[in-house]
Amino acid sequence: MIDKISPSLRQAVADLHDGASIMISGFGDAGAPHELMEAVIEHGASDLTIISNNAGAGETGIAGLIKANRVRKVICSFPRQAASHHFDARYRAGEVELELVPQGNLAARIQAAGSGLGAVFTPTGYGTLLAEGKETREIDGRNYVLEYPIHADFALIKARAGDRWGNLVYRKVARNFGPIMAMAAKTTIAQVSEVVELGALDPEAVVTPGIFVNRVVQVAPLSVAAAA
Amino acid sequence: MQRMNREEMAARVARDIPEGAYVNLGIGLPTRVANFLPQERDIFLQSENGLLGMGPAPAEEDIDWELINAGKQPVTLLAGGSFFHHGDSFSMMRGGHIDICVLGAFQVSVNGDLANWHTGAPDAIPAVGGAMDLAVGAKQVFVMMDLLTKAGESKLVAQCSYPLTGLSCVSRVYSDVAIFDVGPAGAHVIEMVPGLTIDQLRDMTGVDLQLALEIA
């Protein structure tokens, strides 16, 4: 019997390793898997590369990982936020490397990885600092930049509900990067507010089919509302 | 000369957004355009973090932190609205499905180059978000900005000195004193606030300006 449900957050992240690349879903707090990130901090893995939209704010989540000095590099579109002081300090000190990627290119590169594409030509960023040194091509009169996939060892994502085969549904804009990160990582770990029986999720409404998910772990519901 | 205030600028942009348009409003000043879209017009607001059919801010007791806009402020979803992931959201932009986006800017050049993500200051931490995707993807890019900086320098320029967000992507600039069409044919003035002349506007901006045919 295939059962992807992990009994605990600790066991869900047990095989993390130093130097791992980790995709983390979320746009601000919405969709950020805070409980899984706390488990990563407790696990102790360091020298991590974090791939996410933001570089964390406040004291928890990605900011907590940076504060605990576990992060070597951040690949993101929008690191600077009102409370991104932990990233700001370590970036300015040269202790965290930043690869800044336009948000849609971040999504496209993650999708390319999950879809098995060797690279994508994207119009975004053409002629700007963020395309400097990159290969370009004119196709049908429009200019494109060649961007390579972003793979990861792990994806930590947040969904509303999941079953033991790993099928997931999300809640409102907490969906954001979850479905595409789930496809791009070697090991995808989803925290959910609710574990349901097989067949309880409407197959017409499943957003992430279980083939993209390795582990599902239940956490108390509505953690975002409480954290915000 | 009577400069338009923020609300008047937002109301003016809203007038030019037609029924049925799919629209993305940037963070900051452009967000205010939503307050002036006429109720009787069906206009679809898209937010990059994965919603279409975005409604106004909720009452305090209805705030849901999993229902926010790109500026991370609580919003609502209209009946008929939908949620989707980031891949689809940016396909909407890049794929040419968004009719209009409204963005703020540091500088816009007369040929429509946009600079709005980075001042280029060596100590600044750069952040780009979805600005570059919107700039190249939306069918029409409107910019809302004061014409002059606080120091009195024109933000409509012959060539941007700040790092670019996109090349030749802006079609129209709504400023506090005038509205310009920009693009390959240069900058054309299509509206001015009462009391302002084209010569004064040329002095203020220092760029080559033509009067659009409809007001010449």
Side-chain angles (χ1 to χ4, degrees), chain A residues 25 27-31 53-55 57 76-82 84 87-88 91-92 98 100-108 110-111 114 122-131 142-143 158 160 170-181 183 207-208 222 224-228, chain B residues 27 47-52 54 63-77 81-96 113-118 120 123-137 160 162-169:
Chain A
S25 66
F27 184 95
D29 256 347
N53 190 56
N54 303 105
C76 76
S77 87
F78 209 84
R80 189 187 61 224
Q81 290 182 270
S84 58
F87 172 82
D88 297 1
Y91 172 77
R92 289 189 198 285
L98 170 66
L100 189 72
V101 182
Q103 197 170 169
N105 285 359
L106 185 64
I110 292 169
Q111 287 186 294
T122 168
T124 303
Y126 178 84
T128 74
L129 277 179
L130 298 187
R142 196 174 186 199
N143 291 306
K158 176 178 177 174
R160 185 187 68 72
Y170 298 82
R171 186 172 178 277
K172 302 188 180 181
V173 299
R175 182 181 307 196
N176 57 63
F177 282 92
I180 64 173
M181 288 179 168
M183 297 171 67
V207 176
T208 295
L222 290 177
V224 154
Chain B
I27 294 171
S47 187
E48 68 186 16
N49 55 320
L51 71 160
L52 188 61
M54 182 167 58
I63 286 177
D64 179 343
W65 291 103
E66 290 185 337
L67 186 47
I68 57 172
N69 64 14
K72 299 176 176 108
Q73 302 158 316
V75 294
T76 50
L77 191 74
S82 55
F83 300 117
F84 37 85
H85 64 61
H86 253 74
D88 284 351
S89 181
F90 282 80
S91 293
M92 289 178 193
M93 299 175 197
R94 228 189 286 109
D113 292 348
L114 171 66
N116 79 344
W117 71 282
H118 189 21
D123 61 337
I125 295 176
V128 64
M132 289 187 179
D133 304 279
L134 279 166
V136 302
C160 295
Y162 288 139
L164 293 181
T165 306
L167 278 64
S168 310
C169 55

What's the spacing between B:Asp133 CG and A:Thr124 OG1 if we round to 0.5 Å?
4.0 Å
Counting only non-hydrogen atoms closer than 4.5 Å, does A:Asn143 touch chain B with its backbone (N, CA, C, O), its side chain (CB onward), both, or neither?
neither
Counting heavy-atom pairs under 4.5 angstrom with chain A, the leader among B:Pro126, B:Ala135, B:Pro163 is B:Pro126
Heavy-atom pair count under 4.5 Å with chain B, highest-scoring of A:Asp88, A:Leu98, A:Thr128:
A:Thr128
Heavy-atom pair count under 4.5 Å with chain A, highest-scoring of B:Asp88, B:Leu77, B:Asp123, B:Asp113
B:Asp123
I'd like to know whether A:Gln103 forms a side chain to side chain contact (heavy atoms under 4.5 Å, CB included) with B:Met93, so could you lay out the CA-CA distance, the side-chain angles of the two residues, the decisive distance to 0.1 Å, and finally the verdict.
CA-CA 11 Å; A:Gln103 197 170 169; B:Met93 299 175 197; over 6 Å; no
In Å and rounded to the nearest 0.5 Å, what is the CD to CZ distance from B:Glu48 to A:Phe78?
9.0 Å
Identify which of A:Ala108, A:Ala107, A:Pro123 forms the greatest number of heavy-atom pairs closer than 4.5 Å to chain B.
A:Pro123
Between B:Arg94 (side chain) and A:Gly104 (backbone), is there a donor-acceptor pair under 3.5 Å?
yes
Less than 4.0 Å between a side-chain N and a carboxylate O, is that true for B:Asp64 and A:Arg171?
yes
Distance from A:Leu100 atom CG to B:Ile125 atom CD1, nearest 0.5 Å?
11.0 Å
So, using ring-ring contact (aromatic ring centres under 6.0 Å, His included) as the criterion, who are the partners of A:Phe87 when residues are at least two apart?
A:Tyr91
Heavy-atom distances under 4.5 Å only: say whether A:Val101 touches chain B with side chain, backbone, both or neither.
backbone
Once rounded to the nearest 0.5 Å, what's the spacing between atom CD of A:Gln81 and atom NZ of B:Lys72?
4.5 Å
Chain A contact via B:Thr165 - which portion, at a heavy-atom distance below 4.5 Å:
backbone
Results of ring-ring contact (aromatic ring centres under 6.0 Å, His included) for B:Phe90 - residues two or more places apart only:
B:His86
Rounded to the nearest 0.5 angstrom, the CE-CG distance for B:Met132 and A:Leu130 is 4.0 Å
Between B:His118 and A:Leu129, what is the shortest heavy-atom contact and its length?
CD2-CD1, 4.1 Å
Considering all heavy atoms of both residues, which atom of B:Leu67 and which atom of A:Lys172 are nearest to each other, and what is their separation?
CB-CD, 4.1 Å
Once rounded to the nearest 0.5 Å, what's the spacing between atom CZ of A:Phe27 and atom OG of B:Ser47?
6.5 Å
